[in-house]
Amino acid sequence: MILKNKVSIITGGARGIGKAIALRLAEEGSLIAICDVNPEELDKAKKEIEAKGRHVLAEKVDVTNFADVQKFVQKALDKFNKIDILINNAGITRDGLLIRMNDADWDAVLNVNLKGTFNCTKVVAKAMMKERAGKIVNIASIIGIVGNAGQANYAASKGGIIAFTKSVARELASRNINVNAVAPGFIETHMTAKLSQDVKDAIMKRVPLGKWGSVDDIANTVLFLVSDASAYITGQVVQVDGGMVT
Ligand code: NDP
């Protein structure tokens, strides 16, 4: 177990990629704190992670609310005494072509994806700086690298996360805190289940490995980035996309 007694916070950890990351880190010995806006899924995820034999804090928290993020992080500190790992995973889409995109859809995506990442990183970084150690992984997207018609808001938020990652990596490096991003391609989750079959077929033609990614593909990459094996890697974006973007 390479994360024995480490403490990990995963946002949006109730399902999809976030839950897979929480389960993978728990398998490697980490204690887990997850937050999400979906209480039913949160409860199910808590039980699944506990079944791995780890203590779990699971709280309904909207990452856009800075005060609630502060309370959640304090609860994690009260329960576990420290935070070693932060995974900024909570994210949403509100797709639409630019000329039809309304302010609400632009703001919601930028708020959850980018502001949420800022809120959680800001609060957790303080605790990590005191310990002079930490690992932060931000879940971006290949769409934040290459863009996508109909996803201007999402692409801007994920491109922002990449730039944020590189900047914060420079700020926190002297405190022995590694900050990296993972940019998934297309992964089978609730988020991508809503795509039409035509869109899915078109995407598949652009994936050299010829298959969709799984949540475990992302969880395994995150595990590497929070382990000692990646100690000399910071400010990087690791693409997990089946070779789609080169
Ligand atoms: P899911 O929708 O399956 O899971 C995301 C989770 O985050 C949900 O439980 C969701 O709750 C929760 N969430 C949404 N808003 C908030 C909020 N404000 N505060 C806290 N939690 C919130 O998505 P995925 O697992 O597919 O995506 C996870 C991350 O990976 C996202 O950042 C996404 O952009 C990124 N990604 C995913 C790809 C894919 O192909 N699936 C590709 C590239 C990147 P609820 O369900 O109630 O909204």
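Atoms within a ligand are numbered from 1 in the order they appear, just like the ligands themselves. Reckoned from all heavy atoms, side chains included, excluding hydrogens, waters and symmetry mates.
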Atoms of ligand 1 close to [X] [distance to a heavy atom under 4.0 angstrom, numbered from 1]:
X: Tyr154; answer: 33 (C), 34 (O), 35 (C), 36 (N), 43 (C), 44 (C)
X: Ile139; answer: 29 (C), 30 (O), 35 (C)
X: Asp62; answer: 17 (C), 18 (N), 19 (N)
X: Ile187; answer: 39 (C), 40 (O), 41 (N)
X: Thr192; answer: 39 (C), 40 (O), 41 (N)
X: Gly16; answer: 3 (O), 25 (O)
X: Ile92; answer: 14 (C), 15 (N)
X: Phe186; answer: 40 (O)

[X] and ligand 1 - part of the residue with a heavy-atom distance under 4.0 Å:
X: Glu41; result: neither
X: Thr189; result: side chain
X: Val61; result: backbone

Looking only at protein heavy atoms, which one is nearest to [atom], and how far off is it?
atom: atom 3 (O) of ligand 1; value: His190 CB, 3.6 Å
atom: atom 11 (O) of ligand 1; value: Asp36 OD1, 3.1 Å
atom: atom 28 (C) of ligand 1; value: Asn89 OD1, 3.1 Å
atom: atom 7 (O) of ligand 1; value: Gly12 CA, 3.4 Å
atom: atom 25 (O) of ligand 1; value: Ile17 N, 2.8 Å
atom: atom 46 (O) of ligand 1; value: Arg15 NH2, 2.4 Å
atom: atom 42 (C) of ligand 1; value: Gly185 O, 2.9 Å

- Of the options Phe66, Phe72, Phe118, which is the one that meets Val123 in a side-chain contact (heavy atoms from CB on, under 4.5 Å)? Phe66
- Measure from atom 44 (C) of ligand 1 to every heavy atom in Cys35, Gly91, Ala140 and give the option owning the shortest one.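 Ranked by closest heavy atom to atom 44 (C) of ligand 1, first place is Ala140.
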- Message: Judged on heavy-atom distance to atom 16 (C) of ligand 1, which of Val37, Ile10, Ile142, Val240 sits nearest?
- Response: Val37
- Under 4.0 angstrom from ligand 1, any heavy atom of Glu188? no
- Answer yes or no for Gly13: is there a heavy-atom contact with ligand 1 below 4.0 Å?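 The answer is no: ligand 1 sits nowhere under 4.0 Å from a heavy atom of Gly13.
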- Item | Residues, nucleotides or ligands: over 12 heavy atoms within 6.0 Å of Lys130 NZ |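 Count not over threshold, so no.
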- Closest approach of Asp95 to Thr93 (non-hydrogen atoms, all atoms of both residues):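 Looking at all heavy atoms of both residues, the closest pair is OD1-CB, 3.5 Å.
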- Enter the distance from Leu172:CG to Met128:CE here, rounded to the nearest 0.5 Å.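 These two atoms lie 9.0 Å from each other.
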